Number of protein chains: 2
Amino acid sequence: MDKQLATTIFESLASGIRLDVFRLLVKHAPTGLVAGEIATLLVLPPTNLSFHLKAMTHAGLVSVTQEGRYQRYRANLTVMQALIDYLTAECCTGSPEHCFDADKATSCRDTN
Amino acid sequence: MDKQLATTIFESLASGIRLDVFRLLVKHAPTGLVAGEIATLLVLPPTNLSFHLKAMTHAGLVSVTQEGRYQRYRANLTVMQALIDYLTAECCTGSPEHCFDADKATSCRDTN
DNA sequence: TCAATAATACAACAATTATTGAAATATGAA
DNA sequence: TTCATATTTCAATAATTGTTGTATTATTGA
């Protein structure tokens with residue numbers, strides 16, 4: 001995970017709509033949802049949802065597969081895990097003791 | 001950590017400059033740096049840095065204390081940890097097995 | 001007190017991102 | 001083939017965010 005990718009993912013999460021979409025997809029993992037279902041559940045105009053899904057797909061936060069005329073979106077949980085690892089590494093650098101308690105410090109060291 | 005706060009923090013991290021500032025402050029934890037040092041190290045006009053520091057302070061990602069005519073900024077590591085916990089919870093919901101390997105799954109369950 | 005320094009606030013402008021409706025593309029069903 | 005449905009693309013516009021120079025506030029040291 002480099003800085004450029006991290007920034008792109010943070011941009012993806014820095015919108016209430018996109019955060020809602022992601023959480024919805026996590027809730028429906030690993031099945032995912034097709035675009036229309038997301039639009040209905042979140043009460044969004046299809047064009048607007050499409051705009052946000054495109055950004056999230058570009059960031060790698062979600063992946064999409066075609067099912068006939070539907071597009072099924074899934075949360076990309078490994079990317080989220082990589083982001084958490086990146087943040088953990090950022091957070092640990094210099095002063096792990098200020099960020100983690102004892103039992104968590106082990107996994108913290110693992111990421112560096 | 002509610003959605004609103006998470007979004008605000010993600011906004012804070014969704015800029016190369018602000019991410020640089022945060023990483024720099026983590027590197028200099030727990031001492032922190034005064035604004036002028038940050039501006040010099042990152043080669044930024046003071047007004048621009050001030051703009052970004054204000055956003056980060058508002059998000060709670062950094063804290064600031066006055067030292068005479070200097071303003072010392074420090075990374076707020078507990079907020080970063082809370083963000084990591086939030087993401088972990090988001091990521092785990094519904095399908096921890098797709099996100100974590102066995103030994104990490106323990107701390108995953110802890111956050112729910 | 002006065003001059004110099006540190007930092008922020010303000011204002012103007014540039015650049016980016018978000019939203020919406022209409023049109024286009026593509027698939028499935030009649 | 002023709003119609004209806006699902007989704008995206010495009011274009012116009014709205015809204016937000018970022019950058020810069022100047023002015024202001026506050027503090028230190030002479």
Side-chain angles (χ1 to χ4, degrees), chain A residues 3-25 28 31-76, chain B residues 3-25 28 31-76:
Chain A
K3 191 184 103 179
Q4 173 59 55
L5 176 56
T7 303
T8 304
I9 296 175
F10 287 134
E11 270 168 25
S12 255
L13 296 169
S15 139
I17 289 180
R18 290 192 295 265
L19 193 52
D20 284 343
V21 169
F22 184 75
R23 297 201 301 174
L24 189 63
L25 289 176
H28 287 83
T31 314
L33 293 169
V34 300
E37 291 172 327
I38 302 172
T40 301
L41 287 169
L42 299 181
V43 194
L44 290 171
T47 46
N48 192 16
L49 175 63
S50 197
F51 169 82
H52 290 295
L53 283 173
K54 190 179 173 186
M56 297 175 77
T57 304
H58 178 249
L61 212 49
V62 304
S63 54
V64 57
T65 55
Q66 185 162 356
E67 282 185 7
R69 56 181 152 173
Y70 301 90
Q71 299 287 111
R72 180 167 297 274
Y73 286 89
R74 292 185 177 83
N76 210 333
Chain B
K3 189 185 106 180
Q4 174 59 55
L5 176 57
T7 304
T8 305
I9 296 175
F10 287 134
E11 269 167 26
S12 255
L13 297 169
S15 139
I17 288 180
R18 290 191 295 266
L19 194 52
D20 283 343
V21 169
F22 184 76
R23 297 200 301 174
L24 189 63
L25 289 176
H28 287 83
T31 314
L33 294 169
V34 300
E37 291 172 328
I38 302 172
T40 301
L41 287 168
L42 299 181
V43 194
L44 291 171
T47 47
N48 191 17
L49 175 63
S50 198
F51 168 82
H52 290 294
L53 283 173
K54 190 180 173 185
M56 298 174 78
T57 304
H58 179 249
L61 212 49
V62 304
S63 54
V64 57
T65 54
Q66 185 162 357
E67 282 184 9
R69 57 181 150 173
Y70 301 90
Q71 302 288 332
R72 180 166 297 272
Y73 286 89
R74 292 184 178 85
N76 210 332

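Predicted, not measured: the structure shown is a model, and the values here were computed from it. Chain letters run A, B, ... following the sequence lines, proteins first, then strands; residues in each count from 1.
For the 3.5 Å distance criterion, the side chains of Thr7(B) and Glu11(B) fail to qualify, holding no donor opposite an acceptor.
The interatomic distance linking Tyr70(A) (OH) with dA26(C) (C1') rounds to 13 Å, in whole Å. For the pair Glu37(B) CD and dA6(C) P, the computed distance is 11 Å after rounding to whole Å. The separation between Phe10(B) atom CZ and dT17(D) atom P is 16 Å, rounded to whole Å. When rounded to the nearest whole Å, the span between CE of Met56(B) and C1' of dT17(D) equals 16 Å. Between Ile17(B) atom CD1 and dA15(C) atom P there is a gap of 15 Å when expressed in whole angstrom units. Rounding to whole angstrom units, CG of residue Asn48(A) and P of dT17(C) are separated by 15 Å. Between the CZ atom of Arg18(B) and the P atom of dT17(D) there is a distance of 9 Å, given to the nearest Å.
Here the closest non-hydrogen pair linking Asn76(B) and Ser63(B) is ND2-CB, 4.4 Å. The shortest non-hydrogen separation linking Leu49(B) to Ala39(B) is CD2-N, 3.5 Å. Here the closest non-hydrogen pair linking Leu33(B) and Leu25(B) is N-CD2, 3.9 Å. Taking both residues in full, the closest heavy atoms of Ser12(B) and Leu61(B) are given as CB-CD2, 3.7 Å, listed atom of the first, atom of the second, then distance.
The nucleotide dA14(C) finds its pairing partner in dT17(D), both defining distances of the Watson-Crick or G-U wobble pair being shorter than 3.5 Å. Pairing partner, dG29(D): dC2(C), with both Watson-Crick or wobble hydrogen-bond distances short of 3.5 Å.
Counting atom types as modelled, Arg69(A) pairs a side-chain N or O with a base atom of dT5(D) as donor and acceptor under 3.5 Å.
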Dump the pairs, protein N or O against N or O of nucleotides 8-13 of chain D, anything under 3.5 Å, distances to one decimal.
from   : atom 1 : to       : atom 2 : distance (Å)
dT8(D) : OP1    : Tyr73(A) : OH     : 2.3
dT8(D) : OP2    : Ser50(A) : OG     : 3.0
dT8(D) : O5'    : Ser50(A) : OG     : 3.2

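Checking side-chain atoms of Arg18(B) against main-chain N and O of His52(B) turns up no donor-acceptor pair under 3.5 Å.
Of all nucleotides listed (dT28(D), dG18(D), dT17(C)), dG18(D) comes nearest to the side chain of Ser15(B).
Counting non-hydrogen atoms under 4.0 angstrom, Arg72(A) reaches nothing in the nucleic acid. Across all strands shown, Gln66(B) has heavy atoms under 4.0 Å from sugar-phosphate atoms exclusively, and none from any base.
Paired with Arg72(A) under the rule side-chain hydrogen bond (donor to acceptor under 3.5 Å, both in side chains), one option of Gln66(A), Glu67(A), Glu37(A) passes, and it is Glu67(A).
Proximity of His52(A) to the phosphate of dT19(C): a side-chain N or O atom is located under 4.0 Å from OP1 or OP2.
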